[in-house]
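Take a look at the structure below.
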Amino acid sequence: MDQYESFPQTETLRDGREVVVREMTIRDEPRMVQFFQGLPLEDRLFLRNDVTKPEVVHRFVRDTEDLVMALVAEVDDQVIASATIERGLYGWTRHVGEVRLVIARPFQRHGLATILLRHLVRAAPGAGIEIIVARVAGGKVGALRALESLGFHKEATLRRHVKDVAGRRRDLLILTNDVSHIWEKMEALNADFLPIRGE
């Protein structure tokens, strides 16, 4: 993974608490296991893999080939959030990245999602990502609000597509953010500073 911003960074939540945001490293594996195992079942249900298994977390921490950026937020050396932007390495969607965000319950609804998403969105154009996709379960108002504040908009709603912890079906919202215009501005800025041959 390339580093597009200087980390670690100390961020202040809406309630005044400070958290440290930095890039994930392989040394975080034990803390990531502890973080994921501490999540309530309802929050784990919408993850792609069973992150309560140490071997799954081991692969997540060490197999970073498809990760544009992987961040953790921590308080007192304890991981309290994980945020990644991933992309396919081959095929017709190589320019598309998907964000994944998991935050411990005590730190939800305090602006941390917006902080982490902002870092991911900033990193995307520099990695050649033109479109960012996010998936949100229906009813996740805070996550939806954070995404929309950073330029994401609803692309589709898959009706009754996922099940919650009680087995009830819920909608799955697909949001996208076209950041290609940011990439074009970066290329234009770089062109302005390229030396002209012959000068």
Side-chain angles (χ1 to χ4, degrees), residues 1-11 13 17-91 93-108 110 112-124 126-129 132-137 140 142-143 146-147 161-165 172 174-175:
M1 287 175 294
D2 295 327
Q3 184 169 316
Y4 300 97
E5 293 189 77
S6 176
F7 291 101
Q9 294 189 22
T10 300
E11 304 275 8
L13 304 184
R17 286 180 293 178
E18 290 188 341
V19 302
V20 174
V21 177
R22 59 174 177 79
E23 289 190 287
M24 182 182 68
T25 72
I26 60 174
R27 294 188 298 275
D28 290 314
E29 186 174 333
R31 281 179 287 196
M32 295 300 288
V33 171
Q34 185 178 20
F35 165 65
F36 284 125
Q37 288 182 343
L39 295 173
L41 176 59
E42 184 177 0
D43 289 356
R44 296 197 314 264
L45 197 61
F46 298 107
L47 301 178
R48 281 192 309 174
N49 301 300
D50 184 359
V51 289
T52 61
K53 296 178 178 178
E55 63 270 23
V56 173
V57 178
H58 177 82
R59 289 195 300 271
F60 168 70
V61 172
R62 294 171 185 271
D63 186 12
T64 60
E65 187 181 12
D66 61 345
L67 293 179
V68 173
M69 177 172 276
L71 299 175
V72 295
E74 61 183 3
V75 173
D76 298 327
D77 290 324
Q78 297 293 313
V79 173
I80 53 95
S82 168
T84 62
I85 182 166
E86 307 172 21
R87 66 169 164 206
L89 299 175
Y90 177 79
T93 57
R94 285 174 295 172
H95 63 294
V96 177
E98 183 168 354
V99 293
R100 301 182 187 281
L101 188 63
V102 187
I103 299 175
R105 283 287 177 94
F107 293 88
Q108 294 178 12
H110 294 288
L112 182 55
T114 301
I115 290 169
L116 293 170
L117 286 167
R118 188 182 300 120
H119 286 300
L120 298 181
V121 170
R122 285 175 180 167
I129 297 297
I132 308 174
V133 176
R135 302 168 192 264
V136 180
K140 297 286 185 179
L147 288 161
H161 194 73
V162 294
K163 288 184 178 181
D164 63 17
V165 68
L172 181 66
I174 311 297
L175 294 93

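Predicted, not measured: the structure shown is a model, and the values here were computed from it.
- Salt bridge R100/E98: present, at least one basic N to carboxylate O contact under 4.0 Å.
- Without hydrogens or angle criteria, D50 side chain to T52 main chain gives a donor-acceptor distance under 3.5 Å.
- Note that the CE atom of M32 and the OG atom of S82 stand 4.0 Å from one another [nearest 0.5 Å].
- Salt-bridge annotation for D28 and R22: present, with a side-chain N of the basic residue lying under 4.0 Å from a carboxylate O of the acidic one.
- We find the CZ-NE2 distance between R87 and H95 to be 12.0 Å, quoted to the nearest 0.5 Å.
- Residues L71 and E23 meet the side-chain proximity criterion, which asks for heavy atoms closer than 4.5 Å.
- Considering every non-hydrogen atom in both A81 and L112, the closest pair reads CB-CD2, 3.8 Å.
- From I129, atom CD1 reaches atom CG of L120 across 11.5 Å, with rounding to the nearest 0.5 Å.
- Contact record, H110 with P106: CD2-O, 3.7 Å, taken as the closest heavy-atom pair.
- The two atoms that bring E29 and V57 nearest to each other are O-CG1, 4.1 Å, heavy atoms only.
- When all heavy atoms of P8 and V20 are compared, the pair lying nearest together is CB-CG1, 3.7 Å.
- Within 6.0 Å of CZ on R62 lie more than 12 heavy atoms contributed by other residues, nucleotides or ligands.
- Exactly one residue among L147, L117, V136 makes a side-chain contact (heavy atoms from CB on, under 4.5 Å) with L101. That residue is L117.
- No side-chain heavy atom of F60 sits under 4.5 Å from any side-chain heavy atom of N49.
- The two residues A73 and L116 come nearest to each other via the heavy atoms CB-CD2, 4.4 Å.
- In this structure a side-chain-to-backbone donor-acceptor pair under 3.5 Å is missing from T84 to E86.
- Residues L172 and R135 are in side-chain contact: their nearest non-hydrogen atoms beyond the backbone lie under 4.5 Å apart.
- Remark: R44 is not positioned above the aromatic ring of F36, lacking an NZ or CZ atom under 6.0 angstrom from the ring centre and at most 45 degrees off the axis.
- The distance from the CZ atom of F35 to the CD1 atom of I103 is 8.0 Å, given to the nearest 0.5 Å.
- The side-chain heavy atoms of M69 and M24, taken from C-beta on, include no pair separated by under 4.5 Å.
- The shortest side-chain heavy-atom distance between V102 and L47 falls under the 4.5 Å cut-off.
- The shortest distance between side-chain heavy atoms of V19 and T10 does not fall below 4.5 Å.
- With a 4.5 Å cut-off on side-chain heavy atoms, V133 and I174 count as touching.
- Between V72 and V21 there is no side-chain heavy-atom pair separated by less than 4.5 Å.
- In terms of heavy-atom proximity, Q108 sits nearest to D43 at NE2-OD2, 3.3 Å.
- Judged purely by distance below 3.5 Å, without hydrogens or angles, the side chains of E11 and H119 pair a donor atom with an acceptor atom.
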